[in-house]
Amino acid sequence: MYSRKVIEEFTNPKNVGVIEDADGVGETGSTVDGDIITIYIKVNDDVLEDVKFKTFGCVVAISTSTMVTQLAKGKTIDEALKLTNKDVIDALGGLPEDKTRCSGFALVALHKAIEDYRGKTAD
Amino acid sequence: MYSRKVIEEFTNPKNVGVIEDADGVGETGSTVDGDIITIYIKVNDDVLEDVKFKTFGCVVAISTSTMVTQLAKGKTIDEALKLTNKDVIDALGGLPEDKTRCSGFALVALHKAIEDYRGKTAD
Amino acid sequence: MKRIYMDHSATTPVDPLVVDSMLPYFTEKFGNASSLHSFGQEASEALSTARQQLAESIGAKTDEIIFTSGGTESDNLAIRGVLEKKNSGKGKDQHIITSLIEHPAVLSTCSFLESIGYDVTYVPVDSEGILDMDEFENSIQDNTSIISIMHANNEIGTIQPIREISKIAKENDIYLHTDAVQTFGKIPVNVDDLGVDMLAISSHKIHGPKGAGALYVREGTDLEPFIFGGGHEQGLRPGTENIPGIVGLGKAASLAKERLGNDPEHMLKLRDSLISKIFDSIEDVQLNGHSEKRLPNNVNLSFKYAEGESLQMLLDVKGIAVSTASACSSKSKKESHVLTSIGVDTDYIHGTIRISLGKDNTMEEIDYVAQSLKESVDKLREMSAISKC
Amino acid sequence: MKRIYMDHSATTPVDPLVVDSMLPYFTEKFGNASSLHSFGQEASEALSTARQQLAESIGAKTDEIIFTSGGTESDNLAIRGVLEKKNSGKGKDQHIITSLIEHPAVLSTCSFLESIGYDVTYVPVDSEGILDMDEFENSIQDNTSIISIMHANNEIGTIQPIREISKIAKENDIYLHTDAVQTFGKIPVNVDDLGVDMLAISSHKIHGPKGAGALYVREGTDLEPFIFGGGHEQGLRPGTENIPGIVGLGKAASLAKERLGNDPEHMLKLRDSLISKIFDSIEDVQLNGHSEKRLPNNVNLSFKYAEGESLQMLLDVKGIAVSTASACSSKSKKESHVLTSIGVDTDYIHGTIRISLGKDNTMEEIDYVAQSLKESVDKLREMSAISKC
Ligand SMILES: Cc1ncc(COP(=O)(O)O)c(C=O)c1O
Ligand SMILES: Cc1ncc(COP(=O)(O)O)c(C=O)c1O
Ligand code: FES
Ligand code: FES
């Protein structure tokens, strides 16, 4: 049901953790839904120097979280914003069809983190 | 489904045939029903000296026919009239429950043959 | 005693290759296909493979295959699934067209539906068992929801003109279901060539295991389940999937497709040889069904003056398994509705047997059967009170 | 990697003795049980033997066993069979009582029946999953036709007081059906002790093959079939009988009965050891279901801060097969209706797994599973954004 790649990423997730002095933090989900994804970013010269996550949720929630952090890390903010749901799914070698909606949550958290960063720097 | 005894009697029926100068003949069934049993008797001194049958019909029809002739042969008419459906079924080692109704046809044919004989001798 | 099985329309031995394909799924890969873990995934992969095999064998897409417990359930699902579908808006003011010679799986379903308020037309057939096309066309109503006509009859082997029936169904925008339980593996069965919306298959008739079947459901055909439970088989057939059974069905289907070039021809040769041997040696016998539009493995014969069950039993004693159309029951001799519908004479109707060949029958067996049949018919006629009437 | 299967409530491996008992019926004794010839008689004898084995194992008479394709079909037949029986005179003005925590085979059947006009009461359960007896008794109406309460729940393993329920059913002259799919083979199941009129069994849960099941129907219980076709199984279940499947079910049932003295005790020991190991090593965990009235093989746990599917998957990677109650779907996370009904906390509900033991599990496996579970929970909590909330 899950691709080999999904299981691999899920079992050995990269970038797990909190960035204590994060420049931006974004969260999606709720305890009621049973999925909560938090993404932390550290920005340097418009580049996402570090991206980390903390996720409570299912296999899709965790594997998309780690994949989004990996895809975003090292990219400029504009590049990161261009990442699509499809990019995440493709990087995971596909997701079961009935999970595609959920696959967007991690990306939304990233976007929220970037918004948070922009909100702060706009001050 | 059928007992070994039924199959044996059915496969090697005794007393098949017509008694050309029968003292009594009895028939049950119809072509529409698909079962026709004819029983012929030869009576000597109130004893059924010979009993024969011709039957078109199913396994039950044939095996009860031959069994009735065997049971009746050598008996006095009164003894023969005392034969019951149960006697026939028992002698056959049992019959499937849903065939017990049909099992009586051959006996009825015997009774008719005896009636026929009595009718004739009463004349 | 060597036994000869010639009752393949009743059921078939499972092909050893099919048994082999099933075995791992009992003790090793025994998972529930709904489970996420590795055991479950093995089962769900097996299910996909079987679905693909079956789909390919009838020219369908994998999504169009619903696995069931057998042919009976498939027929029930097809007819009731269409009628009971929600939002049809029509309620019980719906009409069903079927034929007088369908299998009880269809006929009993229709009479149940009639009893709860649906309207059913049973179209008659001619003396060879072919649907009366005029009556069929005339029976179509504005509220006709489904037409269910079998591909070939299980007793007399007559093959219906499903393609023509399909044209008429399409013109009138009515779903067409066909019961292909007897045809699959014997004549080509392709859902697009036939133009059907639904098609029923039974595993045990094609050298697959008993307890498995399938319903082909053309994409876009709106069905409701008629058994309720978990959401298996696209919500149309709940219950833990019978993985070994379905694996066996998939394998049997692909073998049947592969062998379609050889087996039916072989059976046809045996069939025609048997028929001519019987007609050469026995008098007062008739072949029921169609001379050409006939399953390659079906021989349905009626003998005057020799009762069917007795004939069958005498053959059984000689090690030969065939079936009889008329079955004795406590109340009265039940006549086959198929033989009655094609108008078989009363003199003949009770003396009917069906010989249905399989791919492994041989010409030697045919000789023995023809010979045994003659002996048995002679013996019964000898015994019969009406043989000289 | 050695794999450890602890999902026996989903399905079980078929016992090798059961497979052996089935094998002859695929290729040698492959007849159709309705056929009169020797092949058919072999099949029908096998059917009788299996019926006897099953009947004996639950204290029933052979005539009271109806073979089906599985537990789902048995549940459908019980409930719909009673309601749809002809001449009930009541029509759709009939009432059904069931519980909130039944298997979908019962719940979906009931909601279908509701949708076509029947009246259904879903009786709640307490926080350990035991039926609320007061509400149950109060729910009885003059037109209540059937009560369907499961013997034990498939998720949390709670065993219902069927005998007490039966007393009330009898006082009110209402048929009682119980779904014993999870209890048979784990605790004693005797139809007279339980006092039920109908009882559903599924073969693949007791080391029998998938695709077979049975419904016990007490003599005198008036049922209608809900699948239509030939008159098999006393007219209640048409379709060519799945002989190998039924033979396997019969064998599995008699083995289950035989082993009732040993297997459950073994599972109970493993179960209690596993529970105590987990509670000793992991914090923020709760056991769902009843502490005593519980299946000997059921462990249903909820972990705070660790999601069920993820937990299950981490265990799967370690070769351990367990199941999760909450399944992800496209629309929203579907919560188990059972966990909701017993009022499991939101903090816990998404972190639920079910470990269901089998007779062949070992204490060594229990140690490994307890250890792996701790590691996996730790790992997920480490990763979880809410573990410190
Ligand atoms: C034409 C036809 N339809 C349906 C069936 C029922 O199939 P099954 O026995 O698999 O339920 C049969 C066989 O009995 C059949 O010959
Ligand atoms: C309690 C209960 N009832 C019914 C069923 C359905 O049985 P089956 O899968 O054999 O249809 C199951 C198993 O899935 C079950 O656990
Ligand atoms: S339910 Fe898991 S991400 Fe949606
Ligand atoms: S039908 Fe054969 S004796 Fe009645």
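Every heavy atom of this structure was used, including side-chain atoms; hydrogens, water molecules and symmetry mates were not. Chain naming here is simple, since letters A, B, ... match the order of the sequence lines and numbering starts at 1 in each.
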Do you know which of [options] has the most heavy-atom pairs with chain C at a distance under 4.5 angstrom?
| options | result |
| --- | --- |
| D/G239, D/S38, D/G211 | D/S38 |
| D/V19, D/T68, D/T240, D/T27 | D/T240 |
| D/P13, D/P104, D/C110, D/A10 | D/P13 |
| D/D15, D/L23, D/I227 | D/I227 |

What's the spacing between [X] [atom1] and [Y] [atom2] if we round to 0.5 Å?
| X | Y | atom1 | atom2 | answer |
| --- | --- | --- | --- | --- |
| C/N242 | D/N242 | CG | CG | 6.5 Å |
| D/M6 | C/F39 | CE | CZ | 10.5 Å |
| C/K210 | D/E241 | NZ | CD | 9.5 Å |
| C/D20 | D/F26 | CG | CZ | 11.5 Å |
| C/R3 | D/E42 | CZ | CD | 4.0 Å |
| D/F30 | C/H207 | CZ | NE2 | 9.0 Å |

Atom of C/H37, atom of D/Y5 and distance for their closest heavy-atom approach:
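Distance-wise, the nearest heavy atoms are CE1-CE1, 3.9 Å.
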
Interface residue of largest heavy-atom contact number with chain D, from C/P238, C/G230, C/G70, under 4.5 Å:
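Between C/P238, C/G230, C/G70, the count favours C/P238.
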
With chain D, which of C/G71, C/G245, C/G31, C/P209 has the greatest number of heavy-atom pairs at distances under 4.5 Å?
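So the answer, after comparing C/G71, C/G245, C/G31, C/P209, is C/G31.
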
Where on [X] is there a heavy atom nearer than 4.5 Å to chain D: the side chain, the backbone, both, or neither?
| X | result |
| --- | --- |
| C/T12 | backbone |
| C/F112 | side chain |
| C/D316 | side chain |
| C/S35 | side chain |
| C/I116 | neither |
| C/V322 | backbone |

Can you find a heavy atom in the side chain of D/D7 that is under 4.5 Å from one in the side chain of C/N32?
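Side chain of D/D7 against side chain of C/N32, heavy atoms only: no contact under 4.5 Å found.
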
Does a side-chain heavy-atom distance below 4.5 Å link D/S69 with C/R237?
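When only atoms from C-beta onward are counted, C/R237 and D/S69 do touch, with a gap below 4.5 Å.
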
Decide side chain to side chain contact (heavy atoms under 4.5 Å, CB included) for D/F228 and C/N76; before the verdict, give the C-alpha distance in whole Å, the side-chain angles of both, and the deciding distance to 0.1 Å.
CA-CA 7 Å; D/F228 301 92; C/N76 272 260; 3.8 Å; yes

